[in-house]
Amino acid sequence: MTDTSDTRPADSGARDPRQSALHRVMRYVPLIAPVLLWAVPCWVLLYAGQHWPLPVTLAGSALFALGLVVMPLAMARGHGRRQQDAAAILGDTLLGTGWVLFTWSVLLGVLLRLALVLAGVGEGQDRARIVTWAVLGVSAVLLVWGYAEARRVPRVRRLDVQLPRLGAGLDGTRIALITDTHYGPLDRARWSARVCETVNTLEADVVCHTGDIADGTAERRRAQAAPLGTVRATRARVYVTGNHEYYSEAQGWVDLMDELGWEPLRNRHLLMERGGDTLVVAGVDDVTAESSGLEGHRAHLDGALSGADPDHPVLLLAHQPKFVDRAAAAGVDLQLSGHTHGGQIWPFHHLVRLDQPALAGLTRHGDRTLLYTSRGTGFWGPPFRVFAPSEITLLVLRSPDRVG
């Protein structure tokens, strides 16, 4: 790989003035969401015609009230200035549990009750209690399964991606993608080592990490990130920042990845040459970088592509899928992103789609640009993945001019 661009990002570049619909909604979520998250299941499970004995009603109500009080306090203590890992684990687990209970209280509270009425099953109290046990049963199964899904080593997702401008000499180039590892309060050093072992079995030419390495500073999460130094690639290991780095001293993460032998592509590019053909491998800081206040940190695509031959195909690393609008305008051939987690806990993906143009997989944008969005290798916050499996991705680049 040949580094042909400046080692420091350019300071120019326009700030995107648009505010997404999700950001406008999220402004009010901290006030309303915790109440709804616990009040709705409490009502559906205890007060919607079940007529439970008084001790059951009181005990159940106390549990929901405890969740409503403890969850935000634990999350604030765990993710705020104090960053107490035990509090973060408690708060995040309650958040995931509350979300699953809320979701299935709404769905089964309406759909199952309607089905029971149409089928003529039971009276009002019987139907209400059936709904309660169904919600608790489904939620318990999904939480156990979701926890196992979150903690396992991701399966490898393989796909061929044809790039019309890719020369025949680069046909078969193997790109491994990991992203959103989110090393955090739950110690995942062993998991991290097993992920890296899996990546090494792919015999990739280029291994990419598209950001959100961890929640916490590099110093604090070093042990979990250390296995990244064992990752092997025949040409290069490249990395770009995600938004979570900018919550936790991003420059420390850039420095640690450099120390571990990865190339931080901070608004610059490398050249991969083989068989007389060239691929530009570029990267940009996350779109939140400029608002972080860190000097020199910003998403600057012109700087990343400065000096690159416009006739060469471009592989771009950008943490958030929504950067694809700029990538398409610049004629990028393939953008690799993460950030969405595929929604992580269904049906949260509907909210993600308010903010991002793609949730997961390969999508086309404009005449030339392809976007691959990974569902992520780890998880953020709640240690659950429900109908949004994690992944390690192997993309095999294909040229239309390949022989055979």
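The figures here come from the full heavy-atom set of this structure, side chains too, leaving out hydrogens, waters and symmetry mates.
- Checked against ring-ring contact (aromatic ring centres under 6.0 Å, His included), W104 has the following partners two or more places apart in sequence or in another chain: W346.
- Under a cut-off of 6.0 angstrom, the local environment of CD in E203 is sparse, with at most 12 non-hydrogen atoms contributed by other residues, nucleotides or ligands.
- Taking the ring centroids of H182 and H341, they lie under the 6.0 Å cut-off.
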Give the C-alpha distance, both sets of side-chain angles, the deciding distance and a yes or no for side-chain contact (heavy atoms from CB on, under 4.5 Å) between L37 and L95. CA-CA 8 Å; L37 209 60; L95 175 61; 3.8 Å; yes

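- Between F64 and W43, the distance from one ring center to the other does not fall under 6.0 angstrom.
- At least one cation-pi condition fails for R222 and Y183: the charged atom is not both under 6.0 angstrom from the six-membered ring centre and inside a 45 degree cone around its axis.
- At least one donor-acceptor pair closer than 3.5 Å links the side chain of S337 to the backbone N or O of A318.
- Contact check on D285 versus R266 returns a salt bridge, with a Lys/Arg side-chain nitrogen under 4.0 Å from an Asp/Glu carboxylate oxygen.
- A donor and an acceptor atom, one from each side chain of D325 and H365, are nowhere located under 3.5 Å apart.
- Partner of C196 under the side chain to side chain contact (heavy atoms under 4.5 Å, CB included) criterion, out of V207, I392, L228, I178: L228 alone.
- E391 meets the salt bridge (charged side-chain N to carboxylate O under 4.0 Å, His left out) test with R375; sequence neighbours excluded.
- Comment: R232 does not engage E197 in a salt bridge, judged by the lack of any side-chain N to carboxylate O separation of less than 4.0 angstrom.
- The pair R326-D302 does not count as a salt bridge, with every side-chain nitrogen at least 4.0 angstrom from each carboxylate oxygen.
- A salt bridge links R221 to D85: one of the charged nitrogens lies within less than 4.0 Å of a carboxylate oxygen.
- Atom CH2 of W145 has more than 12 neighbouring heavy atoms from other residues, nucleotides or ligands inside a 6.0 Å radius.
- Remark: R398 engages D160 in a salt bridge, criterion side-chain N to carboxylate O under 4.0 Å.
- Side-chain atoms of S399 do not come within 3.5 Å of backbone N or O of D171 as any donor-acceptor pair.
- Remark: R155 engages E149 in a salt bridge, criterion side-chain N to carboxylate O under 4.0 Å.
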